[in-house]
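It should be emphasised that the depicted structure is a prediction, and the values quoted were computed from it without experimental measurement.
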Amino acid sequence: MATPQRDELPVAGLTTGQLARLLGVSPTTLRSWDRRYGFGPASRADGRHRRWSPDDVAMAREMCRLTATGTPPGEAARTARLRARGPDGPDGPDEWPPVLSDRADGAEGTAPRAGSGLPLGRVRSECRGLARAAVRLDAEEVRELLRRAVAHHGPAVAWEEVMSPALQAVGRKWQSSGERGEQGEQYVEVEHLLSWHISAALRHYYLDAARPRRAATGAPVLLSCLPGEQHTLPLDVLTAVLGDEGLAVLMLGGSVPADALIIAVRRVASLAVVLWAQTGDTADLALARRVAGARWGVRGARTQTPVLLCGPGWHQVTDAAEPPGLTYVTSLHDAVRTLTGLRREHPSR
């Protein structure tokens, strides 16, 4: 996240509101850190007004960085303060105010607050850190947290337990803010930032990690969004997981024109075709039937390719019965299980 350097800060120091805007947190958060952990500016103008010096700002930045990695706020405050001012500074350990419990309102057994303003619930510490960094629009921290999550947990667990809960929390916050008449738009940019970096992390994993580790063999799985459908993130997740399973992938991306999709199916001897539809407006069942009817191969031995319908949009336009040649999948694990099963059934493809 691009922020002013120390020598660019006002000589008189920053107000709490200015620092909050600089860090991407709320002024209430800064005041709460001061009240709960004694984490505030070293001095106050006229004995009352809080002014954050360059050293104070560096300390606050370190606090944000530590909490973004999942460090409990109390521990993060102590570490950030020590790194910024040292044990013998004016706010050294002997003069620090007692640190209050991380439990909200001192309630026994209450989980610590996320510190991001997002309704996360009980999630991994990596998810809390990711949410904090995203709300601050700290792109570099978001990128690094995602990289570590995918490398450590693999794409499936990273998506289900770190990435997806953070995205869903942003969506809920956006919706609830709008319903209360608040500035819900302030979370739109958070969602866009988070979505872009999640997609980038998953694509990087597939291209630079999964493929060299286990060479993909056999016919590829063709992944495509239907015309007008721009939500490619679920297919990015599936691509990364299939790479871990050793399946080759041919990703066409978002909003693929109908004729181009049919041509690709006829040109490529794919193991299966996966069609994603986020909403009922893009879930084109007639086009899905055309794809299922498309054949490839030499004359006299042409073959049809199984078609998997993925995404919530299909449930809005179809009933329980599956049209011939089409298979509904209800989850990431269902899609991976179906596709790996097809590979076992058709090893020659």
How many angstroms lie between [atom1] in [X] and [atom2] in [Y], if you round to the nearest 0.5 Å?
| X | Y | atom1 | atom2 | result |
| --- | --- | --- | --- | --- |
| M63 | R78 | CE | CZ | 10.0 Å |
| Q278 | T282 | CD | OG1 | 7.5 Å |
| L145 | E126 | CG | CD | 8.5 Å |
| Y206 | M251 | OH | CE | 10.5 Å |
| T232 | L252 | OG1 | CG | 12.0 Å |
| R51 | L19 | CZ | CG | 11.5 Å |

Practice problem: Verify the cluster assignment for V188 and W196: are they in a single hydrophobic cluster under the rule of side-chain heavy atoms below 4.5 Å apart? | Solution: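 As far as the 4.5 Å side-chain criterion goes, W196 and V188 are not connected within one cluster.
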Practice prompt. Report whether L275 and L285 are members of the same hydrophobic cluster (ILVMFWY, side-chain heavy atoms less than 4.5 Å apart, transitive linking).
Written response: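 Yes; tracing contacts between hydrophobic side chains, which count when under 4.5 Å, links both residues.
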Contact between [X] and [Y] at the side-chain level, heavy atoms closer than 4.5 Å - yes or no?
| X | Y | answer |
| --- | --- | --- |
| P227 | D284 | no |
| M163 | L146 | yes |
| C64 | R136 | yes |
| V221 | L242 | yes |
| V307 | V274 | no |
| L222 | L261 | yes |
| E189 | E191 | no |

Taking the side chain from [X] and the backbone from [Y], do they hold a donor-acceptor pair closer than 3.5 Å?
| X | Y | value |
| --- | --- | --- |
| D244 | V241 | no |
| T340 | R337 | yes |
| S331 | D334 | yes |
| W33 | A60 | no |
| E245 | L247 | no |
| R290 | I262 | no |
| Q18 | T15 | yes |
| S270 | V273 | no |

Fill in: For E161, salt bridge (Lys or Arg N to Asp or Glu O under 4.0 Å) partners two or more places apart
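E161 satisfies salt bridge (Lys or Arg N to Asp or Glu O under 4.0 Å) with R124 once adjacent residues are dropped.
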Can you name the salt bridge (Lys or Arg N to Asp or Glu O under 4.0 Å) partners of R143, sequence neighbours left out?
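So R143 forms a salt bridge (Lys or Arg N to Asp or Glu O under 4.0 Å) with E140.
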Distance-minimising heavy-atom pair for [X] and [Y]:
| X | Y | answer |
| --- | --- | --- |
| L326 | A292 | CD2-CB, 3.8 Å |
| A149 | A158 | O-CB, 3.8 Å |
| G228 | S255 | N-OG, 3.0 Å |
| A288 | L309 | CB-CD2, 3.9 Å |
| P165 | C127 | CB-SG, 3.7 Å |
| L342 | A272 | CD1-CB, 3.8 Å |

- Message: Checking H152 now: which residues fulfil side-chain hydrogen bond (donor to acceptor under 3.5 Å, both in side chains) with it, not counting sequence neighbours?
- Response: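 So H152 forms no side-chain hydrogen bond (donor to acceptor under 3.5 Å, both in side chains) with any residue.
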*Could you walk me through whether W276 and S224 pass the side chain to side chain donor-acceptor pair (under 3.5 Å) test, one step at a time?*
CA-CA 6 Å; W276 178 267; S224 177; over 6 Å; no
For side-chain contact (heavy atoms from CB on, under 4.5 Å), just list the numbers for Y205 and D236, CA-CA rounded to whole Å, side-chain angles, deciding distance to a tenth of an Å, and then say yes or no. CA-CA 10 Å; Y205 179 85; D236 292 331; over 6 Å; no
Exercise. Cut-off 3.5 Å, side chains only: do S164 and Q168 have a donor facing an acceptor?
Worked result: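 Yes - a donor-acceptor pair under 3.5 Å links their side chains.
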* Please determine which of L332, T239, L238, L202 meets the side-chain contact (heavy atoms from CB on, under 4.5 Å) test together with P155. =>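 Among L332, T239, L238, L202, the one that satisfies the side-chain contact (heavy atoms from CB on, under 4.5 Å) with P155 is L202.
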With I198, which of L167, V150, L193 fulfils side-chain contact (heavy atoms from CB on, under 4.5 Å)?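 Of L167, V150, L193, side-chain contact (heavy atoms from CB on, under 4.5 Å) with I198 is met by L167 alone.
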Step-by-step side-chain contact (heavy atoms from CB on, under 4.5 Å) determination, L250 to V268: CA-CA 9 Å; L250 177 60; V268 179; 3.8 Å; yes
Residues E160, H333; criterion side chain to side chain donor-acceptor pair (under 3.5 Å); working and verdict:
CA-CA 11 Å; E160 293 176 339; H333 291 286; 2.8 Å; yes
Around atom NE2 of H231, are there more than 12 heavy atoms of other residues, nucleotides or ligands at under 6.0 Å?
no
Kindly determine whether L194 and V142 satisfy side-chain contact (heavy atoms from CB on, under 4.5 Å), including the steps that lead there.
CA-CA 7 Å; L194 196 52; V142 168; 4.2 Å; yes
Exercise for review: Kindly determine whether T330 and W314 satisfy side-chain contact (heavy atoms from CB on, under 4.5 Å), including the steps that lead there.
Suggested key: CA-CA 10 Å; T330 58; W314 295 110; over 6 Å; no
